[in-house]
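Hydrogens, waters and symmetry mates are skipped; everything else that's a heavy atom, side chains included, is used. Source: prediction; values computed, not measured. In what follows, chains are A, B, ... by sequence order, proteins preceding strands, each numbered from 1.
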There are 2 protein chains.
Amino acid sequence: MNSAPDQPALSMLIRKLESAATLSDAERQAVWRLPTRIHTLDARKNIVSEGDQPTHCCLILDGWACRYVMLREGKRQILSFHIPGDIPDLQSLHIPTIDHSLATLTKVVVAIIPHESLRELTARHPGLAAAFWRDTLLDAAVLREWLISTGQRLAFEHVAHLFCELYLRLRSVGLAEDHRCPMPITQTDIADALGLTPVHINRVLQEMRGRTLITLQGRMLVIKAWDELLRISEFDPTYLQLERRPDDPTPTTRARWNGQLRHQRPVGLR
Amino acid sequence: MNSAPDQPALSMLIRKLESAATLSDAERQAVWRLPTRIHTLDARKNIVSEGDQPTHCCLILDGWACRYVMLREGKRQILSFHIPGDIPDLQSLHIPTIDHSLATLTKVVVAIIPHESLRELTARHPGLAAAFWRDTLLDAAVLREWLISTGQRLAFEHVAHLFCELYLRLRSVGLAEDHRCPMPITQTDIADALGLTPVHINRVLQEMRGRTLITLQGRMLVIKAWDELLRISEFDPTYLQLERRPDDPTPTTRARWNGQLRHQRPVGLR
DNA sequence: CGCGGAATTGAAGGGCTTCAATGGTGGTGG
DNA sequence: CCACCACCATTGAAGCCCTTCAATTCCGCG
């Protein structure tokens with residue numbers, strides 16, 4: 001682990017914050033003055049552990065990380081995957097004791113920012129506070145979609161949904177294109193994220209390959225049938241709040257059924 | 001549906017915000033000046049629908065609500081339950097298009113607050129912005145715990161965990177005591193929240209009654225074996241960030257296994 | 001008192017798990 | 001540069017948790 005001052009970290013942060021709001025010059029410069037330290041971490045090391053009371057947040061500059069908890073009998077639930085541009089522990093700014101662990105999946109480069117500085121920054125600049133707040137809200141939106149998948153989708157649909165999400169998130173930070181993206185995680189990681197077993201994930205991937213939906217080898221995912229994958233997983237990108245591109249799925253045709261299809265009414269609906 | 005000016009609504013809001021932070025007099029008075037309108041809604045009506053772009057937030061004053069989405073074939077996933085004191089659509093303040101519906105489960109009384117007023121309030125008072133932000137972070141913490149349950153726990157454990165959570169949340173706003181609380185939802189609602197079928201929920205409840213863990217009748221839950229329910233569900237209240245009481249489970253004895261129990265290391269751990 | 005939603009029960013089946021073993025592969029060191 | 005060795009991926013068989021389908025009973029409410 002080394003540490004040094006840095007600027008690219010802050011330009012990545014500013015790009016992130018400006019993805020939704022437009023920052024004033026004063027705000028941008030205030031971010032620019034944030035003190036950061038760069039750290040490089042090996043793969044599969046905890047960044048923050050459950051029960052910790054962090055004094056810093058970390059901005060991922062390179063590599064993948066994940067939130068997770070361990071349960072009895074060694075069961076692990078991965079709660080989220082994090083890629084460059086993410087601030088996975090931003091919440092620790094307002095919730096002192098962290099209720100899950102944060103760990104690297106690959107070798108990771110992070111920028112460390114003191115809570116103190118972020119508190120001062122957001123207190124002085126409401127626009128920045130809103131931008132950071134929004135970032136944690138998007139994080140929750142992804143979490144909701146994971147709950148939907150885990151609760152309602154079959155393993156095949158769930159894996160498809162995860163791949164769609166990760167591809168779009170990676171593309172939005174310039175790390176994917178042409179339906180190809182890095183996928184530097186194991187089948188066991190995917191299993192623990194989806195609440196399934198590695199054995200079953202393996203069988204699902206076999207079938208995806210067999211149906212020529214994807215290829216996945218050498219830590220690289222290629223989606224060969226994007227539209228099909230979207231359809232199978234009922235993927236609607238609205239929750240990611242990304243700018244749309246020509247070949248993207250149209251948020252207006254959200255593949256969810258808003259009709260009354262159960263024998264009991266589906267909670268209200270008008 | 002009726003509507004009228006109100007003050008009890010704001011006192012409930014202030015109590016909520018002060019549960020963590022301490023507000024200054026100026027902040028408290030600023031909240032006090034928020035314009036609110038009171039509405040009464042029938043049971044099982046949508047408050048906000050997926051795709052809407054709300055211009056107001058709603059503070060629940062009485063009754064229960066839930067977030068949910070509909071999937072193909074009439075499948076429904078409930079994403080959260082909401083009780084008095086909650087602001088289930090606070091996120092709409094910074095995420096324009098809502099990606100799920102919000103509906104009443106019982107007859108509900110809400111206070112409606114314009115986004116405009118909340119934006120002005122949080123822009124002027126960073127402490128209040130932080131308090132509202134924190135509220136959405138706690139919401140996400142509950143969501144994470146639901147994902148853990150759905151991904152890793154058996155139906156029996158999952159139901160137990162839900163009951164523990166709801167009891168503590170209700171008690172924290174004065175709506176429960178002595179291990180008894182209202183539970184005005186159907187077994188189908190529980191099933192859709194847990195990603196299970198009503199039939200199976202019914203069987204789980206049968207067994208819970210048979211083992212004298214709970215009684216559940218007339219929309220009232222009585223937990224007859226609190227400690228046992230905590231143990232079974234590996235319930236750790238840390239994520240709720242509530243003040244502790246004498247008979248509460250101790251956050252320090254979090255029942256999660258932080259040892260290395262898998263044949264592959266559980267992501268890091270130093 | 002009768003209606004409709006909710007709860008309950010039984011039987012059969014399916015998606016996924018568990019257990020156990022084998023095959024593959026990338027990274028490291030000699 | 002190649003060989004070794006964890007770790008990861010893959011495969012098969014048996015079993016279980018939960019689902020599906022279909023009645024039937026219970027219960028709150030007008």
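Of all the heavy atoms in B:T212 and B:K224, the pair that sits closest is O-CB, 3.7 Å.
Rounded to whole angstrom, the span from the CE atom of A:M183 across to the P atom of D:dC8 amounts to 17 Å. We find that CD of A:Q206 is positioned 13 Å from C1' of D:dG12, with the value rounded to whole Å. In this structure, the NE2 atom of A:H158 is 11 Å from the P atom of C:dC16, given to the nearest Å. Atom CD1 in B:I190 sits about 12 Å away from atom C1' in C:dA7, given to the nearest Å. Taking atom CD1 of residue A:I185 and atom C1' of nucleotide D:dC8, one finds them 13 Å apart after rounding to whole Å. Spacing between atom CG of A:L105 and atom P of D:dC8 amounts to 11 Å, rounded to whole angstrom units. Straight-line distance from the CD atom of A:Q187 to the C1' atom of D:dC7: 12 Å, rounded to whole Å.
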Going 5' to 3' through nucleotides 17-30 of chain D, assign each nucleotide B (protein heavy atom under 4.0 Å from a base atom), S (under 4.0 Å only from sugar-phosphate atoms) or - (no protein heavy atom that close). -BBBB---------

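Among the candidates B:D99, B:D89, B:D139, the single residue satisfying the salt bridge (charged side-chain N to carboxylate O under 4.0 Å, His left out) test with B:R67 is B:D139.
Contacts of A:L175 classified as side chain to side chain contact (heavy atoms under 4.5 Å, CB included), with partners at least two apart in sequence or in another chain: A:P84, A:L170, A:V173. Scanning for side chain to side chain contact (heavy atoms under 4.5 Å, CB included) contacts around B:T186 gives B:R44, B:T188, B:D189, B:R219, with sequence neighbours left out. For A:F81, the ring pair (Phe, Tyr, Trp, His ring centres under 6.0 Å) partners two or more places apart in sequence, or in a different chain, are A:W146.
Distances shown here put every side-chain N or O of A:R219 at or beyond 4.0 Å from the OP1 or OP2 atom of C:dT25. OP1 or OP2 of D:dA6 has not a single side-chain nitrogen or oxygen of A:R44 nearer than 4.0 Å. Under 4.0 angstrom from either OP1 or OP2 of D:dT10 there lies at least one side-chain N or O belonging to A:N202.
Taking the centre of each ring, B:Y167 and B:H179 come in below the 6.0 Å mark.
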Donor-acceptor list for residues 197-204 of chain A side chains, cut-off 3.5 Å, not counting sequence neighbours:
from   : atom 1 : to     : atom 2 : distance (Å)
A:T197 : OG1    : A:H200 : N      : 3.3
A:N202 : OD1    : A:Q206 : NE2    : 3.3
A:N202 : ND2    : A:Q187 : OE1    : 2.9

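Ring-plane geometry between A:F235 and A:H161 is classed as tilted, the angle between the planes lying from 30 to 60 degrees on a 0 to 90 degree scale.
Bending across the helix from C:dC1-D:dG30 to C:dG30-D:dC1, expressed as the angle between its end axes from five pairs apiece, amounts to 50° (10° rounding).
Within 6.0 Å of CD in B:E177 there are more than 12 heavy atoms belonging to other residues, nucleotides or ligands.
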